[in-house]
A.B. asks: 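If you scroll down you'll find the structure; I have some questions about it.
Given the structure is predicted, the values throughout are model-derived calculations rather than measurements. Residue numbers begin at 1 in each chain, while the letters A, B, ... track the order of the sequences.
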2 protein chains.
Amino acid sequence: MIIKVKLVSVLNEAYDALNDLLVKLFNNILTYEEKALITDDFKDISLNDMHVIEVIGLSQKKNMSSIAKSLEVTVGTLTIAINNLVKKGYVKRMRSVKDRRVVLVSLTEKGMHAYKHHEVFHDEMIKAIMKRLEGEQLDVLVKALKSVQEFFGSNKQV
Amino acid sequence: MIIKVKLVSVLNEAYDALNDLLVKLFNNILTYEEKALITDDFKDISLNDMHVIEVIGLSQKKNMSSIAKSLEVTVGTLTIAINNLVKKGYVKRMRSVKDRRVVLVSLTEKGMHAYKHHEVFHDEMIKAIMKRLEGEQLDVLVKALKSVQEFFGSNKQV
DNA sequence: TCGATATACTTTGATTATCAAAGTAAAGTT
DNA sequence: AACTTTACTTTGATAATCAAAGTATATCGA
């Protein structure tokens, strides 16, 4: 009897802890990310702008449709976001020569700097986690997160 | 707009795995939550509305300032959100008798139902996570999340 | 090859969330 | 009683978003 009660309370603790942590984590990541953006160099980009920049990436040019798909917004919405980023000098637009309907988008020098700046935020976060976990714990965490991930993966069409 | 980030730097496998998992987890929770909201009963509330309802809660009445603070928005913004929720029948407004400047907000029956509905989502999510983790794994996950939490906590004023 | 259809994008009109600043009403202070 | 502070609402402006209409180019079928 006592054992049962104890087990339940241990589980409850984990339950509460998880619930609490997930909710807080969520908000904190958002606000932290927001704040990490506001620097002297890039004071004119929003978090939203930054995510567009991330998706465009450093490598090749991307067309509007594929970027919109990655961001899960309509192409119309993206057009407006890109207009903005072009105006601010972070992004270049080009017509494809092969198919003149297609608009190819890429980062300017300034855009690439912003991209790299934002990268630091993620880097610090991951390093902070890793620093606090030792050896096997890290493996266990990765496994745990993977199984959580599977849960969401299997429920995507809900 | 969905948040998507890719890191180029390759420190080691755990680093990449963590980065990938955290980013995915973040997006998945968001979309899952969004979808869990859309039901026959509550088709007129946004995720945003839901968060307001969540903060108001089931217990006592809350004044505008404290709700706005919890949500980290201005009171003006909240006024508009509350107008909306009152119009839709989820929330009641009342003047405080003690201090007639103060507006006290609480959930209607309908609002409480919405609150409970959303609670079930959280419950299912946490239970699903716990079901997939065994003994030590759960522990490690909680510890890891706590340390991430600490990282953000200690960087709040950045 | 021409006309119809499809594709890639932009524009438009509407809605929602947001803020800062101005406005209103009540409470507190001197 | 006059001034200040507090609690909230309103206003004006901006950003993100979508659906639907519009434009230009490409492709396909007869």
A.B. asks: Is the distance between the ring centroids of His118(B) and His122(B) under 6.0 Å?
C.D. replies: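 Between His118(B) and His122(B), which both carry aromatic rings, the centre distance is below 6.0 Å.
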A.B. asks: Apply salt bridge (charged side-chain N to carboxylate O under 4.0 Å, His left out) to Lys88(A) and list each qualifying residue two or more places apart in sequence or on a separate chain.
C.D. replies: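 Per chain and number, Lys88(A) pairs via salt bridge (charged side-chain N to carboxylate O under 4.0 Å, His left out) with Asp49(A).
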A.B. asks: Could you tell me how far apart Ile67(A) (CD1) and dC9(C) (C1') are, to the nearest whole angstrom?
C.D. replies: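 Atom CD1 in Ile67(A) sits about 12 Å away from atom C1' in dC9(C).
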A.B. asks: Using the side chain to side chain contact (heavy atoms under 4.5 Å, CB included) criterion, which residues pair with Arg101(B)? Sequence neighbours excluded.
C.D. replies: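 So Arg101(B) forms a side chain to side chain contact (heavy atoms under 4.5 Å, CB included) with Asp99(B).
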A.B. asks: In the structure I gave you, are the side-chain heavy atoms of Arg95(B) and Val103(B) within less than 4.5 Å of one another anywhere?
C.D. replies: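 Side chain of Arg95(B) against side chain of Val103(B), heavy atoms only: contact under 4.5 Å found.
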A.B. asks: Would you mind reading off the distance between Lys69(A) atom NZ and dC9(C) atom C1', rounded to a whole angstrom?
C.D. replies: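 So the two atoms are 17 Å apart, to the nearest Å.
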A.B. asks: Whole angstroms only, please: what is the CZ-C1' distance between Arg93(B) and dT9(D)?
C.D. replies: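 It works out to 8 Å between those atoms.
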A.B. asks: Within a reach of under 6.0 Å around NZ of Lys146(A), are more than 12 heavy atoms found that belong to other residues, nucleotides or ligands?
C.D. replies: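 Counting neighbours around NZ of Lys146(A), 12 or fewer heavy atoms of other residues, nucleotides or ligands fall under 6.0 Å, so no.
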A.B. asks: Quickly work out the Leu85(A) CG to dA15(D) P distance and round it to whole Å.
C.D. replies: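 Distance check: Leu85(A) CG to dA15(D) P gives 12 Å.
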A.B. asks: Just how far, in rounded Å, is P of dT14(D) from CG of Asp44(A)?
C.D. replies: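 Those two atoms, CG and P, are 16 Å apart.
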A.B. asks: Tell me what Ser65(A) touches on the nucleic acid: a base, only sugar-phosphate, or nothing, going by heavy atoms under 4.0 Å.
C.D. replies: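 Touches sugar-phosphate only.
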A.B. asks: For Lys116(B), enumerate each residue passing the side chain to side chain contact (heavy atoms under 4.5 Å, CB included) test, keeping only those at least two apart in sequence or located in another chain.
C.D. replies: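 Once residues adjacent in sequence are excluded, the partners of Lys116(B) under the side chain to side chain contact (heavy atoms under 4.5 Å, CB included) criterion are Leu58(B), Glu119(B).
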A.B. asks: Please confirm whether the backbone N or O of Tyr90(B) pairs with a side-chain atom of Thr108(B), one donor and one acceptor, at under 3.5 Å?
C.D. replies: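 Checking the backbone N and O of Tyr90(B) against the side chain of Thr108(B), a donor-acceptor pair under 3.5 Å is found.
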A.B. asks: Is the phosphate of dA7(D) approached by Arg95(B) (side-chain N or O, under 4.0 Å from OP1 or OP2)?
C.D. replies: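 Looking at the OP1 and OP2 atoms of dA7(D), neither is under 4.0 Å from any side-chain N or O of Arg95(B).
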A.B. asks: At 4.0 Å (heavy atoms only), tell me whether Val103(B) reaches a base, stays on the sugar-phosphate, or touches nothing.
C.D. replies: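 Since only primed, P, OP1 and OP2 atoms lie under 4.0 Å of Val103(B), the category is sugar-phosphate.
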A.B. asks: Which nucleotides of nucleotides 24-30 of chain C have their base under 4.0 Å from a protein heavy atom (B), which only their sugar-phosphate (S), and which neither (-), written as one string 5' to 3'?
C.D. replies: --BS---
A.B. asks: Does atom CZ of Arg100(B) have more than 12 heavy-atom neighbours, drawn from other residues, nucleotides or ligands, at distances under 6.0 Å?
C.D. replies: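 Not more than 12 within 6.0 Å, no.
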A.B. asks: Going by salt bridge (charged side-chain N to carboxylate O under 4.0 Å, His left out), name the residues that satisfy it together with Lys127(B), two or more places apart in sequence or in a different chain.
C.D. replies: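 Listed in chain order: Asp123(B).
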A.B. asks: Given atom CG of Leu71(A) and atom P of dA16(D), what is their separation to the nearest angstrom?
C.D. replies: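 Answer to the nearest Å: 12 Å.
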A.B. asks: Between dA16(D) atom C1' and His51(A) atom NE2, what is the distance in whole Å?
C.D. replies: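 About 14 Å, once rounded to whole Å.
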A.B. asks: Between protein and nucleotides 15-20 of chain C, map the contacts as a letter string: B base, S sugar-phosphate only, - none, heavy atoms under 4.0 Å, written 5' to 3'.
C.D. replies: --SBBS
A.B. asks: Could you tell me the separation between the NZ atom of Lys87(A) and the C1' atom of dA16(D), rounded to a whole number of Å?
C.D. replies: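 Atom-to-atom, Lys87(A) to dA16(D), this comes out as 14 Å.
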